[in-house]
Amino acid sequence: MKVLVANLAGPLGAYAPLTDAGHEIVFGRTDDRAREPYTEGELLELCKDVSAVIGPPPALGRSVMEACPQLHTLVVPIIGYERVDLEAATELGVMVCNSPTPENFVSVAESSIALMTMLAKRMKRKEARVRNGEWSQGSDRGFLLWQKTVGLVGLGRTGSEVAKRLVGWDVNLIAYDPYVAAERAEAMGVKMVDLETLMRESDFVSIHVVVTPETYNMIGEEQLRMMKPGAYIVNTSRGEAIEEGAMQQAIEENWIAGAALDVFHQEPLPVDSPMRSLDRERVIVTPHNIAHTEASLHANRRLAVDSTLKALNGEAPEPCVNPDVLPKWRRLEGSRG
């Protein structure tokens with residue numbers, strides 16, 4: 001069977017298990033244009049006779065899937081899959097898998113805590129002083145995370161890993177997640193609260209959600225105005241969780257003390273985006289790679305290749321995110337393969 005690797009990540013040898021099993025690999029972009037979005041026409045040409053795709057870009061939607069009857073599996077080599085048209089895939093009998101490796105969500109958790117620490121210790125301000133030929137000032141003093149309140153918006157894989165690590169820091173952990181039982185949270189040392197309580201009481205708000213109609217712009221002007229003037233917000237999940245105009249206003253008008261943002265509505269972030277010009281001493285911005293490590297990239301790629309192999313063998317991989325498709329997928333997979 002034929003497999004499209006839409007965006008080559010890592011050495012060609014990483015995909016050898018597919019060719020060793022007798023499958024043909026077609027590579028998409030492998031040059032410096034690899035991060036550019038594909039046009040629908042490009043995808044129609046690339047996918048016309050493939051059975052599986054690793055790394056589908058956002059343009060791989062209903063029209064492409066409908067035009068490619070051999071296609072039965074999409075494997076996303078990261079955790080996030082919200083840019084895949086899941087409804088269309090399920091309707092058309094196409095299984096979708098993501099790659100939720102521990103190396104990935106543990107790294108995001110570590111990075112979230114690192115950003116909190118940088119903000120608390122005012123690292124950007126202190127570094128700027130030294131680079132500008134200055135030395136320490138009383139106004140540079142930071143504060144302890146000890147006995148502060150950290151609010152986790154989302155207590156799934158990543159949020160839970162953040163909580164696990166912060167328990168030993170002697171902080172007050174609260175969380176908002178309508179899909180997590182209070183008993184499970186309590187076992188982790190976390191108290192479940194509603195979103196308003198979390199925004200009002202937290203010294204740090206750390207966001208760990210996927211994008212859904214419920215979470216899109218869930219943190220807007222109303223929520224940001226609830227926060228303490230000395231509180232910070234950290235977002236290492238998805239940019240769409242925060243309304244960026246409100247975030248800009250919150251910083252510029254000092255509703256909150258600062259923020260650390262690794263994700264944005266539009267990525268790459270446009271050169272003229274107001275988010276790039278927010279106060280450099282109070283706001284940390286990184287290019288959606290704060291948690292990237294060689295270990296996580298290798299692990300995600302291995303899981304994506306393993307899931308693809310299983311699907312091509314007629315098995316449903318564990319990271320299937322649209323399990324409702326499986327009865328139809330099993331009926332159609334053999335005839336399409």
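Numbers here simply count residues along the sequence, with the first being 1.
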Is it the case that the side chain of [X] and the backbone of [Y] share a donor-acceptor pair, with hydrogens and angles ignored and the cut-off at 3.5 Å?
| X | Y | result |
| --- | --- | --- |
| Y38 | A6 | yes |
| E243 | G245 | yes |
| W329 | H72 | yes |
| S307 | A304 | no |
| R165 | E110 | no |
| T215 | M218 | no |
| S277 | P274 | yes |
| N217 | A241 | no |
| N322 | V96 | yes |
| D140 | S136 | no |

Heavy-atom pair of closest approach, residues [X] and [Y]:
| X | Y | value |
| --- | --- | --- |
| A299 | T101 | O-CG2, 3.6 Å |
| L309 | A21 | CD2-CB, 3.8 Å |
| V305 | P17 | CG1-CB, 4.0 Å |
| I79 | P100 | CG1-CA, 3.6 Å |
| R330 | A316 | NH2-CB, 3.9 Å |
| V190 | A175 | CG1-CB, 3.5 Å |

Could you label the plane-to-plane angle of the F27 and Y15 rings as parallel, tilted or perpendicular, counting under 30° as parallel and over 60° as perpendicular?
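Taking Y15 first and then F27, their aromatic rings stand perpendicular (interplane angle over 60°).
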Between [X] and [Y], does any side-chain donor sit less than 3.5 Å from a side-chain acceptor?
| X | Y | result |
| --- | --- | --- |
| H288 | E267 | yes |
| E103 | T293 | no |
| N104 | S296 | no |
| T149 | N172 | yes |
| Q248 | E252 | yes |
| D306 | T308 | no |
| S112 | T236 | yes |

Got a sec: does the [atom1] of [X] have more than 12 other heavy atoms crowding it under 6.0 Å?
| X | atom1 | answer |
| --- | --- | --- |
| R184 | CZ | yes |
| M188 | CE | yes |
| E222 | CD | no |

What about [X] and [Y], same hydrophobic cluster or not, with Ile/Leu/Val/Met/Phe/Trp/Tyr joined at side-chain heavy-atom distances under 4.5 Å?
| X | Y | answer |
| --- | --- | --- |
| I113 | V150 | yes |
| F105 | L166 | no |
| I242 | V285 | yes |
| V53 | V64 | yes |
| M227 | I174 | yes |

Validation row: [X], [Y] side chains within 4.5 angstrom (heavy atoms):
| X | Y | result |
| --- | --- | --- |
| R129 | W135 | no |
| T73 | S51 | no |
| V167 | L173 | yes |
| E42 | L44 | no |
| V234 | L119 | yes |
| L332 | L92 | no |
| M116 | L145 | yes |
| L224 | I219 | yes |

Which hydrophobic side chains are connected to V271, either touching it within the sub-4.5 Å cutoff or through other members that do?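 Noted: V271 shares its cluster with no other residue.
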Are [X] and [Y] within salt-bridge range, i.e. N to O under 4.0 Å?
| X | Y | answer |
| --- | --- | --- |
| E45 | K48 | yes |
| R157 | E161 | no |
| E82 | R238 | yes |

Atom pair [atom1] ([X]) and [atom2] ([Y]), whose distance is rounded to the nearest 0.5 Å:
| X | Y | atom1 | atom2 | result |
| --- | --- | --- | --- | --- |
| N235 | I290 | CG | CD1 | 12.0 Å |
| L46 | L4 | CG | CG | 5.5 Å |
| F264 | M247 | CZ | CE | 10.5 Å |
| R282 | L278 | CZ | CG | 9.0 Å |
| L297 | H292 | CG | NE2 | 6.0 Å |
| Y176 | I207 | OH | CD1 | 12.5 Å |

Q.
Pair E91, V325 - check side chain to side chain contact (heavy atoms under 4.5 Å, CB included), show working.
A. CA-CA 7 Å; E91 181 183 321; V325 78; over 6 Å; no
- Message: One pair to check against side chain to side chain contact (heavy atoms under 4.5 Å, CB included): M192 and L155. What are the steps and the verdict?
- Response: CA-CA 9 Å; M192 298 301 288; L155 199 59; 4.0 Å; yes
### Message
For M95 and V75: C-alpha separation, side-chain torsions, deciding distance, then whether side chain to side chain contact (heavy atoms under 4.5 Å, CB included) applies.
### Response
CA-CA 8 Å; M95 178 171 58; V75 179; over 6 Å; no
Can you list the residues that meet the side-chain hydrogen bond (donor to acceptor under 3.5 Å, both in side chains) rule with T117, with sequence neighbours excluded?
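Testing T117 for side-chain hydrogen bond (donor to acceptor under 3.5 Å, both in side chains), a comparison that skips the adjacent residues, returns none.
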Q | Test side chain to side chain contact (heavy atoms under 4.5 Å, CB included) applied to L195 and Q223, step by step | A | CA-CA 8 Å; L195 183 58; Q223 290 74 30; 4.3 Å; yes
Run through K126, K124, R125, R122 and flag the one making a salt bridge (charged side-chain N to carboxylate O under 4.0 Å, His left out) with E281.
->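 Result: among K126, K124, R125, R122, R125 is the only option passing the salt bridge (charged side-chain N to carboxylate O under 4.0 Å, His left out) with E281.
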Decide yes or no on salt bridge (charged side-chain N to carboxylate O under 4.0 Å, His left out) for R83 and E240, but give the supporting numbers first. CA-CA 12 Å; R83 290 182 172 85; E240 293 90 338; 2.9 Å; yes
- Task: For E318, check salt bridge (charged side-chain N to carboxylate O under 4.0 Å, His left out) against everything at least two apart and list the hits.
- Result: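 With neighbours one apart ignored, the set is empty.
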